[in-house]
> 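Please see the structure below; I have some questions.
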Amino acid sequence: MPTSPRPEWTAVRAQFPAMTQDVSGHPLVYLDSAATSQKPRVVLDALAKYYERDNANVHRGIHELSRRATIAYEEARAKLASFIGAADPSELVWTRGTTEAINLVASSWGLDTLKEGDEVLLSSMEHHSNIVPWQLVAHRTGARLRYIEMDDQGRLVLDDLSELLTERTRLVAVTHISNALGTVNPVREITEHAKKVGALVLVDGAQAVPHRRVDVQELGCDFYAFSGHKMCGPTGSGALWARRELLESMPPYHGGGEMIRIVGRDSSTWAEIPHKFEAGTPNIAGAITLGVAADFLDEVGFDAIAEHEREVLAYALQRLDDLGGVTVYGPTDLDERSGVISFTMGDAHPHDISTILDSRGVAIRAGHHCAQLVMKHFGISATARASFYLYNSTDDVDRLVEGLASVQEIFGPG
Ligand code: 7TS
């Protein structure tokens with residue numbers, strides 16, 4: 001088991017300027033990447049370069065800067081499409097992130113397609129952004145929401161799937177990786193079952209795309225949503241991937257400039273996909289620099305990232321076990337989880353744990369993590385959550401555990 005970071009990962013970390021600062025008089029230990037990741041120098045530089053040299057609106061002006069911005073914007077689309085294994089760049093719609101991508105599907109496909117008696121199958125480990133949009137649509141259409149439940153390790157219980165999936169099921173919407181537990185779901189297996197009853201499958205990839213190679217075609221899903229800011233890209237960037245025929249048949253979600261072909265007084269016709277879903281001036285700098293972030297991750301390599309994160313995760317779980325008094329939620333098998341550790345410590349409230357850690361320069365998240373159904377399942381209101389990314393090391397784990405030891409000094413051993 002490693003006790004000091006490997007030099008190649010120290011070099012990766014050195015590319016993240018935010019990671020080199022002191023917080024509360026201590027070198028920052030950032031363990032909140034499930035909320036948002038830090039950004040490497042190449043992404044920050046690309047952002048400045050875009051605004052310094054190429055800033056112009058896309059698909060509009062016939063001038064050099066607009067040409068440059070448009071080319072870079074569409075090149076980034078092609079890059080991200082291939083990054084997730086899409087067949088064609090036109091299947092990738094830029095959004096503000098996962099939340100907007102799911103709302104797009106719910107409002108466009110959902111309102112257009114769902115009828116009274118139809119069913120949407122969710123899971124009880126979903127982030128609120130894959131629950132609430134479906135509730136909104138269900139209330140308006142009369143569709144019914146059903147849930148795949150979890151076991152006591154926070155794994156989906158798939159034994160019941162053949163009962164949950166019926167000819168009424170129009171959509172299965174599940175997370176690839178849980179943000180509250182780190183559980184990695186067998187999406188391909190779920191997709192295979194869903195196809196048998198003709199249901200579509202939407203996958204929330206917010207916690208997956210940053211950490212592992214995702215291939216939407218291999219997964220066999222129909223919609224895949226993800227956020228740029230959790231994968232070293234800027235906030236306000238992200239995308240929805242969907243099969244071409246679905247995007248073509250779905251009505252627009254927002255109306256405005258650039259999503260039309262011809263506008264008349266009473267009605268209009270729509271631009272080709274993906275532009276039909278991109279009304280108004282998009283987040284041009286966000287899309288372009290998300291392309292840079294994808295290149296950065298590719299260069300480090302997902303095999304290496306996954307191996308490194310697993311090493312840090314295994315070390316962290318062992319050290320927490322050695323410390324004692326820490327209840328960790330989620331699967332015990334490392335093959336079934338990613339670099340998220342959600343935990344509680346006796347009577348210490350997660351917010352107090354987080355505050356004590358913050359005073360020592362260690363950033364974690366405390367709360368329900370926008371996954372209140374997960375908290376309910378475990379009979380708790382909140383957890384403390386440490387989440388790891390490629391720039392974290394076993395040294396960070398040591399600092400976390402030192403901080404937790406001081407929590408125990410204050411609150412007792414738990
Ligand atoms: N789905 C999952 C699984 C997530 O983890 C998040 C954000 C979202 C959807 C929403 O993504 P957004 O980029 O549109 O906001 N999760 C978290 C989190 O765990 N802490 O802060 C945000």
Side-chain angles (χ1 to χ4, degrees), residues 30-39 80 84 93-107 122-136 147-148 150 154-156 172-185 187 190 201-212 214 219 221 223-241 253 283 286-287 289-290 293 309 329-330 337-343 350-351 354 363-375 377 382-389:
Y30 187 77
L31 299 176
D32 197 18
S33 296
T36 198
S37 72
Q38 296 303 339
K39 323 299 174 201
L80 265 293
I84 58 159
V93 178
W94 293 120
T95 65
R96 281 190 293 131
T98 307
T99 303
E100 190 179 46
I102 297 172
N103 275 278
L104 192 169
V105 180
S107 296
L122 308 173
S123 91
S124 55
M125 74 167 69
E126 297 310 308
H127 186 281
H128 296 164
S129 66
N130 200 23
I131 297 175
V132 182
W134 301 114
Q135 292 175 340
L136 293 172
Y147 287 87
I148 308 173
M150 287 182 282
R155 297 171 301 192
L156 293 183
V172 180
V174 286
T175 193
H176 199 161
I177 296 179
S178 156
N179 68 313
L181 297 165
T183 314
V184 180
N185 287 321
V187 170
I190 294 170
V201 176
L202 177 144
V203 181
D204 171 349
Q207 299 293 344
V209 179
H211 301 278
R212 50 183 57 214
V214 167
L219 290 174
C221 57
F223 301 103
Y224 198 97
F226 63 100
S227 301
H229 69 96
K230 295 184 199 289
M231 53 180 284
C232 299
T235 46
S237 68
L240 169 73
W241 169 84
Y253 162 56
N283 181 359
T289 52
L290 179 53
E309 287 181 8
Y329 301 88
R337 70 182 301 153
S338 76
V340 170
I341 302 182
S342 234
F343 62 94
H351 285 155
S354 182
I364 63 158
R365 185 175 171 188
H368 54 60
H369 315 294
C370 302
Q372 288 185 1
L373 299 189
V374 173
M375 300 300 125
H377 176 80
T383 69
R385 181 187 71 180
S387 53
F388 304 100
Y389 204 12

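Ligands are counted one by one from 1 in listed order, and the atoms in each one are counted from 1 as well. Nothing here was measured: the structure is a model prediction, and the numbers come from that model.
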> What part of Arg385, side chain from CB on, backbone N/CA/C/O, both or neither, has a heavy atom under 4.0 Å from ligand 1?
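Answer for Arg385: side chain.
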> Mind checking whether Phe226 and His176 have ring centres under 6.0 Å apart?
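No, too far apart.
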> Of Ser387, Ser33, Ser178, which is the lone residue that meets side-chain contact (heavy atoms from CB on, under 4.5 Å) with Val340?
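Answer to the side-chain contact (heavy atoms from CB on, under 4.5 Å) test with Val340 among Ser387, Ser33, Ser178: Ser387.
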> May I ask you to identify, for Ser129, whether its side chain, its backbone, both or neither come under 4.0 Å of ligand 1 on a heavy-atom basis?
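Under 4.0 Å from ligand 1, Ser129 contributes side-chain atoms alone.
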> With no hydrogens and no angle check, is any side-chain donor or acceptor of Lys230 less than 3.5 Å from a backbone partner on Gly228?
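No: the side chain of Lys230 does not pair with the backbone of Gly228.
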> Go through the structure and list residues passing side chain to side chain donor-acceptor pair (under 3.5 Å) with Thr98, not counting sequence neighbours.
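Side chain to side chain donor-acceptor pair (under 3.5 Å) check on Thr98 returns Ser227.
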> Flag Thr175 as yes when one of its N or O atoms lies below 3.5 Å from any N or O atom of ligand 1, and as no otherwise.
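No - when backbone and side-chain N and O of Thr175 are compared with those of ligand 1, no distance drops under 3.5 Å.
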> What protein heavy atom sits nearest atom 3 (C) of ligand 1, and how far away is it?
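Result for atom 3 (C) of ligand 1: Asp204 OD2, 3.4 Å.
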> Quick one: does any side-chain atom of Ser237 pair with a main-chain N or O of Pro234 as donor and acceptor, under 3.5 Å?
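Yes; at least one donor-acceptor contact below 3.5 Å.
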> Does Arg365, at its CZ atom, have more than 12 non-hydrogen atoms belonging to other residues, nucleotides or ligands within less than 6.0 Å?
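Atom CZ in Arg365 is packed in, count exceeds 12.
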> Ala34 near ligand 1, heavy-atom distance under 4.0 Å?
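True for this residue.
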> I'd like the name of whichever of His127, Arg365, Arg96 reaches closest to atom 21 (O) of ligand 1 through any heavy atom.
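Result: the heavy atom closest to atom 21 (O) of ligand 1 is in Arg365.
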> Residues two or more places apart in sequence or in another chain: which of them pass ring-ring contact (aromatic ring centres under 6.0 Å, His included) with His368?
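Listed in chain order: His128.
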> With only distance considered, is Glu100 within less than 3.5 Å of ligand 1 through an N or O on each side?
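Glu100 vs ligand 1: no N/O contact under 3.5 Å.
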> Show, in sequence, the C-alpha distance, side-chain angles and deciding distance for Val105 and Asn103, and conclude whether the side chain to side chain contact (heavy atoms under 4.5 Å, CB included) test is met.
CA-CA 5 Å; Val105 180; Asn103 275 278; over 6 Å; no
> Considering only heavy atoms of Gln207, which atoms of ligand 1 have at least one such atom less than 4.0 Å away?
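In order of number, 3 (C), 4 (C), 5 (O), 16 (N), 19 (O).
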> For atom 10 (C) of ligand 1, what's the nearest protein heavy-atom neighbour? Residue, atom name and distance, please.
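Closest protein heavy atom to atom 10 (C) of ligand 1: Thr99 OG1, 3.5 Å.
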> Measuring from non-hydrogen atoms of Lys230 to any atom of ligand 1, is the shortest distance under 4.0 Å?
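Checking ligand 1 against Lys230, which is what was asked, there is a heavy-atom contact under 4.0 Å.
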> For Ser227, counting its heavy atoms only, list the atoms of ligand 1 lying under 4.0 Å from any of them.
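Selected atoms, number and element: 11 (O), 12 (P), 13 (O), 14 (O).
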> With a 4.0 Å cut-off on heavy atoms, is His229 touching ligand 1?
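It does, in that a heavy atom of His229 comes within the 4.0 Å cut-off of ligand 1.
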